[in-house]
Amino acid sequence: MKRARWAKIAVAGGLCLGMAACSAPPGQPAAGAPPPEDGGWTRTPAILAIRPTSGGLIVSGQAEPGGRVVLRHTSGAAYAAAADPAGGFEIRIATAAPALLLRPEIQVGEDAAESPDRLLILDGGRGPVAVLGVGRPAERLDAAPALGAVDSDGRSTLISGRTTGSQPVTVAAGDAPARVRPGPGGRWSLLTTAAPGQTIRVDGQEFVWPGPAGSAPTDLQVERLPDGWRVAWIGPGGARQWTWLPVAS
């Protein structure tokens, strides 16, 4: 049996304000976690891109060099590939499933480490594709509009997106307009007081956030709404989350 050890969590630009079960900062263990047995850290897979291919999709990213990267479904199905000496990996997924929520994992020798993130693939890759995390903004991997995602745990609301260049993004969502400076890769995020049904404006473009679903999720639930996809999902430790992924009109 593989021996699990504490992982260095690969997250980029995460916010951890008011959201339940926040992820640890990069390179640090979760709060209250015991130290690793050997003093080292295993880098869990970072999903960076996805692209269509004949008969399916190819997921690529970075992980521990030489490790075996696994994308695991709750049903037990798994897709796997070995990371190269530089840590790069590509995993082929042959699927047309309406919705997949996959848990990244790295296996190095007898050690195994699970990522707190989840890879969401909708409509066989024709719909939105995003890396979801508890306590931090969803990261869209597909061609998203100015507003990439709205994340909520039922108490706090986090909006996010991606822009080109380094100029600040003007955002208004239940508060006075704010100028948000993008981080690495053009990604930006903002904790807001936006309520369900309110209009969120990003650089002049308007989006009406439908809010969380009426009931708390017990498993993955996906709804196709007129202006996007609403996803209810369960994160690590049973954290209940809702993510709305707008689509371009």
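The first residue in the sequence is number 1, and the count goes up from there.
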Please walk me through it: do R240 and I234 pass side-chain contact (heavy atoms from CB on, under 4.5 Å)? CA-CA 5 Å; R240 297 174 177 179; I234 304 295; 3.7 Å; yes
Quick one: does E90's side chain get under 4.5 Å of R51's, heavy atoms only? yes
Quick one: does D142's side chain have a donor or acceptor within less than 3.5 Å of a partner on A144's backbone? no
Output, in order, the C-alpha distance, side-chain angles, deciding distance and verdict of side-chain contact (heavy atoms from CB on, under 4.5 Å) for W233 and L120. CA-CA 10 Å; W233 57 286; L120 175 70; over 6 Å; no
Quick one: does T192's side chain get under 4.5 Å of L158's, heavy atoms only? no
Has R140 got a side-chain atom pairing as donor or acceptor with G148's backbone, closer than 3.5 angstrom? yes
Looking only at heavy atoms, the pair that brings I47 and P104 closest together is CG1-CG, 4.3 Å
Considering non-hydrogen atoms only, spot the tightest contact between L57 and G124 and give its length. CD1-O, 3.8 Å
Tell me every residue that passes side chain to side chain contact (heavy atoms under 4.5 Å, CB included) with R103, counting only those two or more places apart in sequence or in another chain. R72, E105, E114, R118
By side chain to side chain contact (heavy atoms under 4.5 Å, CB included) - contacts of A138 (at least two apart): L132, A149, D151, T243
Side-chain heavy-atom pair P196, P210 within 4.5 angstrom cut-off: no
d(S115 OG, L102 CG) to nearest 0.5 Å is 11.5 Å
Taking every non-hydrogen atom, the tightest pair across S152 and W209: CB-CZ2, 4.1 Å
Tell me the closest heavy-atom pair linking W188 and V180, and the distance in Å. CB-CG1, 3.9 Å
Start with the C-alpha distance between I58 and I50, add both sets of side-chain angles, then the distance that settles side-chain contact (heavy atoms from CB on, under 4.5 Å), and finish with yes or no. CA-CA 6 Å; I58 291 181; I50 189 168; over 6 Å; no
Does D123 use its side chain to pair, donor to acceptor, with the backbone of R126 at less than 3.5 Å? no
If you measure from CD1 on I159 to OG on S189, what distance do you get to the nearest 0.5 Å? 9.0 Å
Within the structure provided, determine whether V247 and D227 are in side-chain contact (heavy-atom separation under 4.5 Å). no
With a 4.5 Å heavy-atom cut-off, do V134 and D153 have their side chains touching? no
Does T157 reach the side chain of W244, with side-chain heavy atoms less than 4.5 Å apart? no
Between the side chain of D84 and the main-chain N/O of A86, is any donor-acceptor distance below 3.5 Å? yes
Transitively linked via ILVMFWY side-chain contacts under 4.5 Å: V208 with L147? no
When hydrophobic residues are tied together by side-chain contacts of less than 4.5 Å, even through go-betweens, does V70 share a cluster with I106? no
Does T74 form a side-chain contact (heavy atoms from CB on, under 4.5 Å) with L101? I'd like the steps, not just the answer. CA-CA 8 Å; T74 53; L101 190 65; over 6 Å; no
CD of E64 to CZ of F89: how many Å apart, nearest 0.5 Å? 12.5 Å
Between Q205 and V202, is there a donor-acceptor pair closer than 3.5 Å when you use the side chain of the first and the backbone of the second? no
Once rounded to the nearest 0.5 Å, what's the spacing between atom OH of Y79 and atom CD1 of I93? 6.0 Å
Heavy-atom check, side chain of L119 versus side chain of V129, under 4.5 Å: yes
If I compare all heavy atoms of P246 with all of F207, which pair ends up nearest, and what's the gap? CB-CD2, 4.1 Å
By the side chain to side chain donor-acceptor pair (under 3.5 Å) test, which pairs, at least two apart or in different chains, include something from residues 159-173? T170-R179
For R187 and L141, the nearest pair of non-hydrogen atoms, with its separation, is NH2-CD2, 4.3 Å
